[in-house]
Amino acid sequence: TALYSRMIYEPTFESLRQHPVPDWFHDAKLGIFVHWGAYSVPGWAVRTEGSQFEQAAAKGWEYAFAHNPYAEWYLNTLSIDGSPTQDYHRAAFGEGFSYDGFGPMFNAAMRGWDPESWAALFEAAGARYVVPGTKHHDGFLMWPSANPNPFKQGWHAERDLIGELANSVRGRGMRYGLYYSGGLDWTFQGLPIRSVPEMIAAIPQREDYARYADAHWRELIERYEPAILWNDIGYPKDAGVDRLFADYYNRMPDGLVNNRFDFGGTTRGTAHCDYTTPEYSTLTEISERKWESCRGIGHSFGYNRNETDADYMSGAAIIHLLVDIVSKNGNLLLNVGPTASGEIPWSQAMRLLELGAWLRTNGAAIYGTRPWHTAAATTDDGLGVRFTQKPGALYATILGTPTGRTFTIPGIAPGDSTRVDLLGYDAPLDWRREGDGVAVDLPVAPAPSPAISLRFSPAPGA
């Protein structure tokens, strides 16, 4: 706090780069992303076997955009002739139905939404911060802005959805960041996008949009004091991003900005950011720089009624993903896609609850930790291990259930006074050195579990 209070930031890269990543973000590990808006009314995208990026790698970006699994991109996919979304839209809503009609339908559907139910679920999932969308690429605003859309009257939520959720989330002790699509706004320009170059060209560089985006971010900061400015797909060159960052840090010194204000080198000014945001991907090694992986539970961020339970990651897979990310200095921003009425589908909610139940027992190996000198190992029976540490303790989380009561973890050299504990069990475990590692005896034959965590204290060497 003393460090933050001494810093006065100027709108230069040299000044902004001095901003430290706050401890709360290093410690938090798990956030919840929320994609909810007018696109939640149709709530449809084509089913795919993998992410959009996997489709693009296999069949090219033109195919990936026309068969986009992201339901929040509905308007763009609808604009591509011959897309499955066009066929669905005609069948479901009729030949002449405009996307604009989804705004009033969304406002009618969300009138019974209760933000407390969301906050309770996110808390139960073990999340330490929440990042809802304020405006996605379709331009629909999720708060009653003093700067309404200049082209579509009433193109906004009737309720202050962002403010209501802020109160509920903060009331349960979680931080609150905000997503804003600074680069794409299809009410200004950009449809259809069928390639990455077209996506870069779709970022409005007009003076009116630069003023509009800047006014929105400043209004969101003034009203809601977000812990994170989570921008997406670039920003207009002349919107003054350096000044925005400096003013934000001077108001919110423990806030963060992500790396997506710049996209394809399109932003004039600094390339400053506090952390990077790989999407539907992770890192293979420990990164000294802080990062955050974002993804949906399925292949979409927005609600996709076309997905089935089989399209979602299992609870165990999500737990393994979180453990792996944390071992490499990352956070997981896991997305939920509610229906238009604000219901988080049970198939999503149950996975959040499974994750939260695991964290209630094993959270000491996750929250507040930092990477060890190595992220991973493999037990003698072939299970992956991920390492994290705190002062005085090393944690080894085994990704799965050992086949027997005894297993060996390589690369750990405990001292004679080292105590080994199984999180959730109230007595120390027996252990012995074996080769270049340690053999551990569990008290009983292990029950099936997504993962188990061991604590070595004091922390051994390697």
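Only this structure's heavy atoms are used, side chains among them; waters, hydrogens and symmetry mates stay out. Residue numbers count from 1 along this sequence.
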Is there side-chain contact between [X] and [Y], with at least one heavy-atom pair below 4.5 Å?
{"X": "F387", "Y": "S327", "result": "no"}
{"X": "S341", "Y": "M110", "result": "no"}
{"X": "F245", "Y": "H19", "result": "no"}
{"X": "L165", "Y": "L161", "result": "no"}
{"X": "N362", "Y": "T397", "result": "no"}
{"X": "I162", "Y": "P132", "result": "yes"}
{"X": "L256", "Y": "V21", "result": "yes"}
{"X": "E279", "Y": "R295", "result": "no"}

[Y]/[X] salt bridge by N-O under 4.0 Å criterion:
{"X": "D27", "Y": "R128", "value": "no"}
{"X": "R159", "Y": "E164", "value": "yes"}
{"X": "R194", "Y": "E62", "value": "no"}
{"X": "R218", "Y": "E222", "value": "no"}
{"X": "K328", "Y": "E285", "value": "no"}
{"X": "D274", "Y": "K290", "value": "no"}

Note to self: So for atom CZ, which belongs to R206, do other residues, nucleotides or ligands contribute more than 12 heavy atoms lying within a distance under 6.0 Å?
What the structure shows: yes
Note to self: Is it the case that atom CD in E116 sees more than 12 heavy atoms from other parts of the structure closer than 6.0 Å?
What the structure shows: yes
Does either side chain, that of [X] or that of [Y], offer a donor lying less than 3.5 Å from an acceptor on the other one?
{"X": "H35", "Y": "N335", "value": "yes"}
{"X": "D138", "Y": "Y39", "value": "no"}
{"X": "H137", "Y": "S181", "value": "yes"}
{"X": "H216", "Y": "Y180", "value": "yes"}
{"X": "T277", "Y": "R260", "value": "yes"}
{"X": "D160", "Y": "Y224", "value": "yes"}

Treating [X] as the side-chain partner and [Y] as the backbone partner, does any N or O pair qualify as donor plus acceptor under 3.5 Å?
{"X": "T85", "Y": "T77", "answer": "no"}
{"X": "N231", "Y": "G234", "answer": "yes"}
{"X": "T48", "Y": "G50", "answer": "yes"}
{"X": "S15", "Y": "T12", "answer": "no"}
{"X": "S79", "Y": "L75", "answer": "yes"}
{"X": "N304", "Y": "A45", "answer": "yes"}
{"X": "N259", "Y": "C273", "answer": "no"}
{"X": "S40", "Y": "G37", "answer": "yes"}
{"X": "Q205", "Y": "K237", "answer": "yes"}
{"X": "R351", "Y": "S347", "answer": "yes"}

Quick one: pull up [atom1] in [X] and [atom2] in [Y] and give me the separation to the nearest 0.5 Å.
{"X": "D247", "Y": "M252", "atom1": "CG", "atom2": "CE", "answer": "13.5 Å"}
{"X": "S300", "Y": "R305", "atom1": "OG", "atom2": "CZ", "answer": "12.0 Å"}
{"X": "L220", "Y": "L178", "atom1": "CG", "atom2": "CG", "answer": "5.5 Å"}
{"X": "D238", "Y": "Y209", "atom1": "CG", "atom2": "OH", "answer": "13.5 Å"}
{"X": "R175", "Y": "W24", "atom1": "CZ", "atom2": "CH2", "answer": "6.0 Å"}
{"X": "L334", "Y": "L322", "atom1": "CG", "atom2": "CG", "answer": "9.0 Å"}

What are the two closest heavy atoms between [X] and [Y], and how far apart are they?
{"X": "P236", "Y": "A210", "answer": "CG-CA, 3.7 Å"}
{"X": "V130", "Y": "V34", "answer": "CG1-CG2, 4.3 Å"}
{"X": "G183", "Y": "P204", "answer": "O-CD, 3.1 Å"}
{"X": "N329", "Y": "S287", "answer": "ND2-O, 2.9 Å"}
{"X": "S83", "Y": "A66", "answer": "CB-O, 3.4 Å"}
{"X": "P226", "Y": "I221", "answer": "CD-CA, 3.6 Å"}

Relative to each other, are the rings of [X] and [Y] parallel, tilted or perpendicular (30° and 60° limits)?
{"X": "H272", "Y": "Y249", "result": "perpendicular"}
{"X": "F102", "Y": "Y74", "result": "perpendicular"}
{"X": "F53", "Y": "Y70", "result": "perpendicular"}

Scan the side chains in residues 389-396 for donor-acceptor partners under 3.5 Å anywhere in the protein, sequence neighbours excluded, and list what turns up.
unit_1, atom_1, unit_2, atom_2, d
Q389, NE2, P371, O, 2.8
K390, NZ, A364, O, 3.0
K390, NZ, Y367, O, 3.3

Next item on the list: Start with the C-alpha gap between L321 and I319, add the side-chain angles, then the distance that decides, and say whether side-chain contact (heavy atoms from CB on, under 4.5 Å) holds.
Entry: CA-CA 5 Å; L321 179 67; I319 290 166; over 6 Å; no
Check: Between Y275 and W291, does the ring centroid distance fall short of 6.0 Å?
Finding: no
Next item on the list: Test W36 against every option in Y303, F301, Y179, W118 by the ring pair (Phe, Tyr, Trp, His ring centres under 6.0 Å) rule and name the one that passes.
Entry: W118
Check: In this structure, which one of Y235, F188, W217 forms a ring pair (Phe, Tyr, Trp, His ring centres under 6.0 Å) with Y212?
Finding: F188
Next item on the list: Could you please spell out the steps behind the side-chain hydrogen bond (donor to acceptor under 3.5 Å, both in side chains) verdict for W230 and E292?
Entry: CA-CA 11 Å; W230 215 106; E292 174 195 71; 2.8 Å; yes
Note to self: Assess the residue pair W372 and I286 against the criterion (side-chain contact (heavy atoms from CB on, under 4.5 Å)); give the C-alpha distance rounded to whole Å, side-chain angles, the decisive distance to 0.1 Å, and a yes or no.
What the structure shows: CA-CA 9 Å; W372 198 36; I286 295 170; 5.9 Å; no
Margin query: If you apply the rule side-chain contact (heavy atoms from CB on, under 4.5 Å), what do you find for I366 with T388, and how did you get there?
Written below: CA-CA 7 Å; I366 302 297; T388 53; 5.5 Å; no
Margin query: Could you go through H156 and N149, starting from their C-alpha distance and side-chain angles, then the distance that decides it, and tell me whether this counts as side-chain contact (heavy atoms from CB on, under 4.5 Å)?
Written below: CA-CA 8 Å; H156 57 81; N149 189 284; over 6 Å; no
